[in-house]
Enquirer: 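Shown below is the structure under consideration.
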Amino acid sequence: MKTSFYDQTLPDWLVWADQEELPAYRARQIAAWASRGVSDVDELTDLPQSIRARLAEQFTFPSLELEEKYVSAIDETAKYVFRLSDGNRIESVLMHYRFGRSVCLSTQAGCRMGCTFCASADAGFGRNLTTGEMLAQVSLIARDCNARIGHVTLMGIGEPFENYDAVVAFLHRVNDPAGLNISMRHISISTCGLVPKMIEFTREGLPVTLSVSLHAPNDSIRQQLMPVAKRYRYDDLLAACRAHTQQTGRRITFEYALFDGINDRPEHARELAGRLRGMLCHVNLIPANEFSGGCYQRSQPSAVQQFQDVLVRSGINATVRRELGADIMAACGQLRRRKEACGIQ
Ligand code: SAH
């Protein structure tokens with residue numbers, strides 16, 4: 001099977017150039033193209049036809065194909081649906097903030113975590129993405145919007161820590177000054193709480209922001225929402241979070257989606273505040289995204305406000321996430337799910 005162009009690193013290209021009896025600067029030229037987002041071998045315009053022909057023969061271009069793009073009429077958030085070479089589909093989202101452009105990318109085609117409120121879980125699991133497929137999401141979007149991407153969040157479809165090695169390799173590659181050069185401090189990685197992998201990740205010592213999808217103030221509510229909570233206890237999860245903040249000195253983010261009547265009552269906020277007291281953390285409250293066939297309703301705006309007030313009064317830093325791309329189903333997994341459900345190929 002041919003290797004994907006995007007899965008090759010600079011050292012791989014140097015080896016390749018050597019085998020092909022090409023000078024090392026050709027390897028550097030080729031590697032630079034991966035971060036510019038090429039979709040066809042003929043776009044490598046600074047290479048002679050003979051080298052392009054050899055590349056086309058030995059590598060796949062592109063590793064993913066832009067299938068559809070939706071742009072929000074409200075806030076210009078853009079959702080990209082990519083088709084992988086084996087037919088699997090993933091989604092990535094481009095968001096515009098005051099501080100620059102941010103891409104939210106997928107780490108797996110589908111997800112195995114089974115969170116009961118999540119559209120991705122509902123659409124089944126395909127496979128892990130390769131490092132190159134993650135990188136290609138960022139480069140192809142940078143090229144499409146013709147602008148630099150300054151921030152990346154690993155919060156699209158999939159559980160990043162289930163695809164640990166490829167994700168860590170991606171963090172290094174996207175950070176490479178010769179490539180996309182995105183600062184680790186501008187990268188966030190979101191996990192549903194795979195405790196052993198969180199501990200391993202803390203040891204990597206990378207200055208990325210860790211987000212943990214908490215969504216509950218205790219084990220019993222969390223288990224109702226997230227099967228992973230049956231594998232790892234709430235206390236052990238928080239211990240892994242504390243170890244991360246202590247080791248890295250970095251504030252941790254807790255994602256807390258609010259579902260009407262399930263986890264959004266003032267007593268839940270008080271219980272949560274008690275558990276998080278003293279931690280270097282920030283709680284991101286998310287009015288839950290509803291999708292057809294899903295079994296939860298989003299909280300009332302007054303309940304969201306009250307929840308936030310209780311946390312803030314207890315000294316816990318908490319903000320309500322601004323919604324982007326509401327008109328294009330920009331939230332994680334929603335489009336992929338719709339397509340799979342309708343049997344669209
Ligand atoms: N697997 C990782 C990252 C992907 S999901 C994780 O669990 O963190 C990205 C975020 O979207 C997670 O916080 C997830 O819990 C949240 N999410 C999924 N479905 C949602 C919904 N219907 N409403 C609000 N947030 C949701």
Side-chain angles (χ1 to χ4, degrees), residues 79 90-93 95 102-126 128-129 134 137 152-164 166-167 170-171 187-195 197-198 201 208-216 221-229 231-232 237 240-241 244 252-260 262-264 281-299 303-304 307 319-326 329-338:
K79 173 135 196 173
I90 53 164
E91 296 173 20
S92 331
V93 180
M95 286 162 289
S102 179
V103 167
C104 176
L105 57 90
S106 295
T107 55
Q108 297 180 307
C111 188
R112 273 203 283 241
M113 296 296 101
C115 299
T116 53
F117 52 82
C118 180
S120 296
D122 211 45
F125 183 72
N128 278 336
L129 299 192
M134 290 181 238
Q137 293 173 62
V152 166
T153 55
L154 283 73
M155 277 190 196
I157 298 169
E159 167 49 45
F161 284 166
E162 263 228 316
N163 188 10
Y164 187 89
V167 161
F170 165 78
L171 297 176
I187 301 177
S188 302
I189 181 161
S190 181
T191 179
C192 63
L194 298 179
V195 171
K197 290 292 174 194
M198 289 169 65
F201 189 68
V208 306
T209 299
L210 186 61
S211 289
V212 176
S213 301
L214 203 52
H215 304 322
I221 297 179
R222 198 158 190 269
Q223 283 170 8
Q224 188 186 330
L225 295 169
M226 307 174 74
V228 69
R231 270 154 72 190
Y232 307 109
L237 176 59
C241 294
H244 184 82
I252 208 158
T253 298
F254 290 114
E255 309 287 334
Y256 196 110
L258 291 153
F259 303 101
D260 188 29
I262 309 279
N263 64 354
D264 67 342
C281 71
H282 168 250
V283 179
N284 202 355
L285 297 170
I286 310 160
N289 297 303
E290 294 175 12
F291 54 92
S292 65
C295 41
Y296 300 105
Q297 264 132 32
R298 66 162 43 185
S299 300
V304 175
F307 202 96
T319 49
V320 179
R321 184 188 282 176
R322 193 161 63 98
E323 260 186 285
L324 292 174
M329 296 204 287
C332 160
Q334 293 189 356
L335 280 178
R336 176 176 185 273
R337 176 179 175 277
R338 191 187 64 182

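These numbers come from the heavy atoms of this one structure, side chains and all, not from hydrogens, waters or symmetry mates. Whatever order the structure lists them in is the order used to number ligands and atoms, beginning at 1. Throughout, residue positions are numbered sequentially from 1 according to the sequence presented.
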Enquirer: Give the numbers and elements of all ligand 1 atoms closer than 4.0 Å to a heavy atom of A257.
Expert: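 Checking each atom against A257, I get 24 (C), 25 (N).
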Enquirer: S211 versus N284: any side-chain heavy-atom pair under 4.5 Å?
Expert: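 No, side chains not in contact.
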Enquirer: Could you see which bit of T191 sits under 4.0 Å from ligand 1, with heavy atoms only: side chain, backbone, both or neither?
Expert: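 The answer is the backbone of T191.
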Enquirer: By number and element, which atoms of ligand 1 are closer than 4.0 Å to a non-hydrogen atom of E255?
Expert: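 Listed by number with element: 13 (O).
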Enquirer: Is there side-chain contact between F307 and S299, with at least one heavy-atom pair below 4.5 Å?
Expert: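 Result no, sub-4.5 Å side-chain heavy-atom pair not found.
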Enquirer: With backbone taken as N, CA, C and O and side chain as the heavy atoms from C-beta onward, which portion of E159 lies under 4.0 Å from ligand 1: side chain, backbone, both, or neither?
Expert: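 It is both parts that get close, each with some atom under 4.0 Å.
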Enquirer: Within the 4.0 Å heavy-atom shell around C192, which atoms of ligand 1 are there?
Expert: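 Atoms satisfying the 4.0 Å criterion: 6 (C), 7 (O), 8 (O).
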Enquirer: Quick one: does H215 get within less than 4.0 Å of ligand 1, heavy atoms only?
Expert: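 Yes, H215 has heavy atoms under 4.0 Å from ligand 1.
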Enquirer: Using a 4.0 Å cut-off to any heavy atom of A288, which atoms of ligand 1 qualify?
Expert: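 Close to A288: 23 (N), 24 (C).
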Enquirer: Angle between ring planes, F259 versus F117, binned at 30° and 60°: parallel, tilted or perpendicular?
Expert: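 If you compare the ring of F259 with that of F117, the planes turn out tilted.
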Enquirer: Would you call S211 a ligand 1 contact, heavy-atom distance under 4.0 Å?
Expert: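 No; S211 lies far enough from ligand 1 that no heavy-atom distance drops under 4.0 Å.
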Enquirer: Considering only heavy atoms from C-beta outward, does the side chain of E162 approach that of V167 to under 4.5 Å?
Expert: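 The answer is no, as the side chains (C-beta and beyond) never meet within the 4.5 Å cut-off.
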Enquirer: Within a distance under 4.0 Å of any heavy atom of C118, pick out the atoms of ligand 1 and give their elements.
Expert: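 Close to C118: 18 (C), 19 (N).
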Enquirer: Parallel under 30°, tilted from 30 to 60°, perpendicular over 60°: which one fits the rings of Y256 and H215?
Expert: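 Plane angle over 60°, so perpendicular.
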Enquirer: Can you tell me which portion of S190 lies within the under-4.0 Å heavy-atom range of ligand 1? Options are side chain, backbone, both, or neither.
Expert: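 For S190, backbone and side-chain atoms both sit under 4.0 Å from ligand 1.
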Enquirer: Any donor and acceptor pair, going by atom type alone, linking the side chain of S106 with main-chain N or O of I157 inside 3.5 Å?
Expert: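 Side chain of S106 to backbone of I157: a pair is present.
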Enquirer: Go through the side-chain N and O atoms of T107 and E159 and say whether any donor and acceptor fall under 3.5 Å apart.
Expert: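 Their side chains do not contain a donor-acceptor pair, so the 3.5 Å distance test is not met.
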Enquirer: Using distance alone, determine whether F117 and ligand 1 share an N or O pair under 3.5 Å.
Expert: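 Among all N and O atoms of F117, at least one is under 3.5 Å from an N or O of ligand 1.
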Enquirer: Can you tell me how the ring of F201 sits relative to the ring of H244, calling it parallel under 30°, perpendicular over 60° and tilted otherwise?
Expert: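 Answer is parallel, since the angle falls under 30°.
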Enquirer: Tell me whether G158 has any N or O atom under 3.5 angstrom from an N or O of ligand 1.
Expert: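 Yes; the residue has a nitrogen or oxygen that sits under 3.5 Å from a nitrogen or oxygen of the ligand.
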Enquirer: Using heavy atoms and a 4.0 Å limit, tell me yes or no: is C111 in contact with ligand 1?
Expert: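 Contact check C111 vs ligand 1: negative.
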Enquirer: Short question: side chain of R298, backbone of E290 - any donor-acceptor pair under 3.5 Å?
Expert: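 Not a single qualifying donor-acceptor pair exists.
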Enquirer: Is there a heavy atom in M113 that sits closer than 4.0 Å to ligand 1?
Expert: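 For ligand 1, residue contact (heavy atoms, under 4.0 Å) with M113 is absent.
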